[in-house]
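A short worksheet on the structure shown next.
Protein chains get the first letters and strands the later ones, always in sequence-line order, with residue 1 at the start of each.
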Amino acid sequence: MISLRRLEVILAHEVRLATRDPVPVLVLILFPIITMAFLKPAFRPALVQSGHPHANGAEQVVPGQATLSAFFVVSLITVSFFAEYAWATWDRLRASAASSLEIVLGKAIPRVVMTIAQFAVIMTTGIVFFGLDIRGSALALVPLVVTFAVCLVLLGVAVTAVCHTAQQAQAFAVVGMVLFGAIGGALVPFSVLPHWARVIAPITPTYWAMHGFTAVILNGNGVGGVEAPIAALAAMAVVFGLIALRRLRFDDHKTGWA
Amino acid sequence: MSTSSAIRPGGADGLGHRATVLQVEGVHKAYGSTVALAGVDLTVAGGTILALLGPNGAGKTSLVSIIAGLRRPDRGRVRVGGIDVARAPQRARQLIGLAPQETGVYLPLTVRDNLRFFAGLAGLRRTELRERVGAVAAALGLEPLLGRRASQLSGGERRRLHTAIALVHRPALVLLDEPTTGADVRTRAEILELVRGLADQGSAVVYSTHYLHEIEELDASVAIIDRGRIVADGVLADLIARYGSSALELTFDRLVPDVARIDGCTVDGSRVRIPTPDPALTAAQLLPHLGPHADALRSVEIVRPSLESVFLTVTGRHFAPHAVEPVG
């Protein structure tokens, strides 16, 4: 059973820890914005060639960079667990009255909110400064972003569960971001990817996020255009959640930073 | 219903009998083929200090971890305030304050935020939380440091914060796993003083250590743990009266000569320990008989009955915190 009061205490604590060092979050917002500035012109020809003559490049670069930088949350959530080992606070936390579920939720919820906020800032910047035109329903993007954020955070918990050291977790998180970002069409337009990459792309959450963004932003769809991506992301979230549930052992010996 | 208010420090019946706070029954624990605990039984009442004494690897930390609910025993049962730790860990943990062996604090947070977080997890709110944070900070000399980040504290200050976290919610059972390891003189004195104060206020304190003199300073009850078993337990004075023995100890710069190997002695290379009720008299009688071996004599020590001699009697080995080596 979850105690809402204890969960509130853990949430406040996690937010306090995050605000003590806001640099990673600021970098994750600034990095895609800077990247958008010089990648936008490069993507226009690819979009025009794929049947969108009025595209200016922002339709790919804004959601692509937002999706890519959102992937950093996988790294951040693993850090939030492994830092407990580095500070030797993990046993203290476990010996407190907080349940395992309260501890996991306390770490996950702020990161989901942070990822959603990150999307909101980057998309707004895209609209205001990079001429991003959302042809479909902008509201349809809300459930897409929320599901994607939950999926990534659960992926982070699953990575934490299967890794024994912070270094392993970071390797998974960073390689996953680059690989999934590239194959899923966040790094470059999906249409320019080789055939084999397009075949395996649907196994990545990035593909489904970008699929949903393209449906709404470029193809002018509403909620109907994001139903399939949301369903796929939700299914992946369930898989990651099950891995976390099965493999996350609170009495495992893990190494914070060797 | 929360039981955290049912068992609070200071609980005693009208006859002055202290309520049992901790009951450990037949606890076994093995890690692969290594047996850490081989059937441990313990009872600790409120208002008392139990010192768990044993060298590294004796099983102290395993026992503390099992009591705190961090590990499950392979067999046996632990009850805290009458609550089975394995069956209702969350309820039991509300009664426990644990300071693990390794200093564990949130380095980016201030001393105040560290204390507030754990007090909040224990269910303290607003005025009570502020009062407890203030009280525990005052008791451990942390008041001037409340606004300072833990990363900016000295090692001794961090150790005090680490201990304060365990005490902030005034737990009925305090588990301190080698709390003075790495502590400076001031911190050590404050921690010992605090432990005495906790017991005076009615908490049951389990104090794991390998420092014999701390137990003597605390005048605690002692459970000597060796190779996963409690080999002796009781009030310190009783243990010394029962197992402690005076002895004469001679150290040579070579192997102990035969003339010094008296019946009942234990020999450890160049050192011989001779149990005797009157070490001075034994020395006066033995030393003239050393003859040419007297030149090899490096030290003569009179050993009074102490916890160390208790340990030697019950385990057959000298107490060496970091190693378990047989004597003789």
Side-chain angles (χ1 to χ4, degrees), chain A residues 1-26 76 79-107 109-110 166 248-258, chain B residues 2-4 31 61 64-72 80 85 88-110 112-125 129 149-151 158 161-163 165-166 168-169 171 173-175 177:
Chain A
M1 207 178 96
I2 293 175
S3 156
L4 290 179
R5 295 182 83 178
R6 268 200 303 270
L7 183 57
E8 183 192 326
V9 170
I10 300 173
L11 287 173
H13 170 72
E14 289 294 331
V15 170
R16 200 173 290 124
L17 278 171
T19 53
R20 284 284 184 267
D21 185 11
V23 173
V25 177
L26 292 176
L76 293 181
V79 166
S80 78
F81 280 96
F82 280 96
E84 301 275 0
Y85 290 95
W87 296 326
T89 45
W90 185 240
D91 276 352
R92 302 207 84 130
L93 200 53
R94 288 176 56 220
S96 75
S99 69
S100 308
L101 186 58
E102 287 162 6
I103 294 170
V104 172
L105 285 177
K107 289 184 176 296
I109 291 171
L248 192 63
R249 294 282 172 268
F250 272 53
D251 55 355
D252 268 357
H253 282 292
K254 292 183 190 281
T255 307
W257 317 106
Chain B
S2 167
T3 57
S4 60
Y31 303 103
T61 296
V64 170
S65 297
I66 287 170
I67 294 170
L70 297 177
R71 296 192 181 282
R72 278 179 172 268
V80 176
V85 172
Q90 274 181 272
R91 283 173 60 210
R93 285 175 194 156
Q94 287 179 336
L95 306 178
I96 298 173
L98 168 70
Q101 196 171 336
E102 192 178 357
T103 304
V105 298
Y106 289 99
L107 295 178
L109 300 185
T110 63
R112 180 183 285 107
D113 285 341
N114 268 281
L115 293 171
R116 287 178 64 90
F117 173 54
F118 285 100
L121 283 183
L124 302 187
R125 292 288 181 274
L129 186 147
R149 287 191 187 191
S151 58
R158 270 187 213 174
L161 172 59
H162 169 79
T163 306
I165 288 170
V168 70
H169 58 295
L173 173 63
V174 181
L175 302 172
D177 193 1

* Asked: Which region of B:Ser65, side chain (C-beta onward) or backbone (N, CA, C, O), has a non-hydrogen atom less than 4.5 Å from a non-hydrogen atom of chain A, or is it both or neither?
  -> neither

* Determine the option with the most heavy-atom pairs under 4.5 angstrom with chain A, choosing from B:Pro108, B:Pro89, B:Pro100, B:Ala68. => B:Pro108

* Heavy-atom contact with chain A under 4.5 Å, split by part of B:Leu175 -> neither

* Donor on one side chain, acceptor on other, A:Trp87 and B:Tyr106, under 3.5 Å -> no

* Heavy-atom contact with chain A under 4.5 Å, split by part of B:Arg116 -> neither

* Looking at B:Arg125, B:Glu102, B:Arg149, B:Arg71, which has the largest count of heavy-atom pairs under 4.5 Å with chain A? -> B:Arg125

* To do: Please confirm whether the backbone N or O of B:Leu107 pairs with a side-chain atom of B:Arg158, one donor and one acceptor, at under 3.5 Å?
  => no

* Structure fact -> The interface call for B:Ala99 against chain A, heavy-atom contacts under 4.5 Å, is both

* To do: Identify which part of B:Phe118 has an atom lying under 4.5 Å from any heavy atom of chain A, answering side chain, backbone, both or neither.
  => side chain

* Side-chain donor/acceptor of A:Arg6 to backbone N/O of B:Gly123, under 3.5 Å -> no

* **Interchain contact, B:Arg72 with chain A, by part (heavy-atom threshold 4.5 Å)** => neither

* **Any side-chain heavy-atom pair of A:Glu14 and A:Ile109 under 4.5 Å** => no

* Asked: Does B:Gln90 CD have over 12 foreign heavy atoms under 6.0 Å away?
  -> yes

* **Segment of A:Glu102 engaging chain B (4.5 angstrom heavy-atom cut-off)** => side chain

* Does the side chain of B:Asp113 come within less than 4.5 Å of A:Arg20's, by heavy atoms? -> yes

* To do: Return the orientation label for the B:Phe117 and A:His13 ring planes: parallel under 30°, perpendicular over 60°, tilted otherwise.
  => parallel

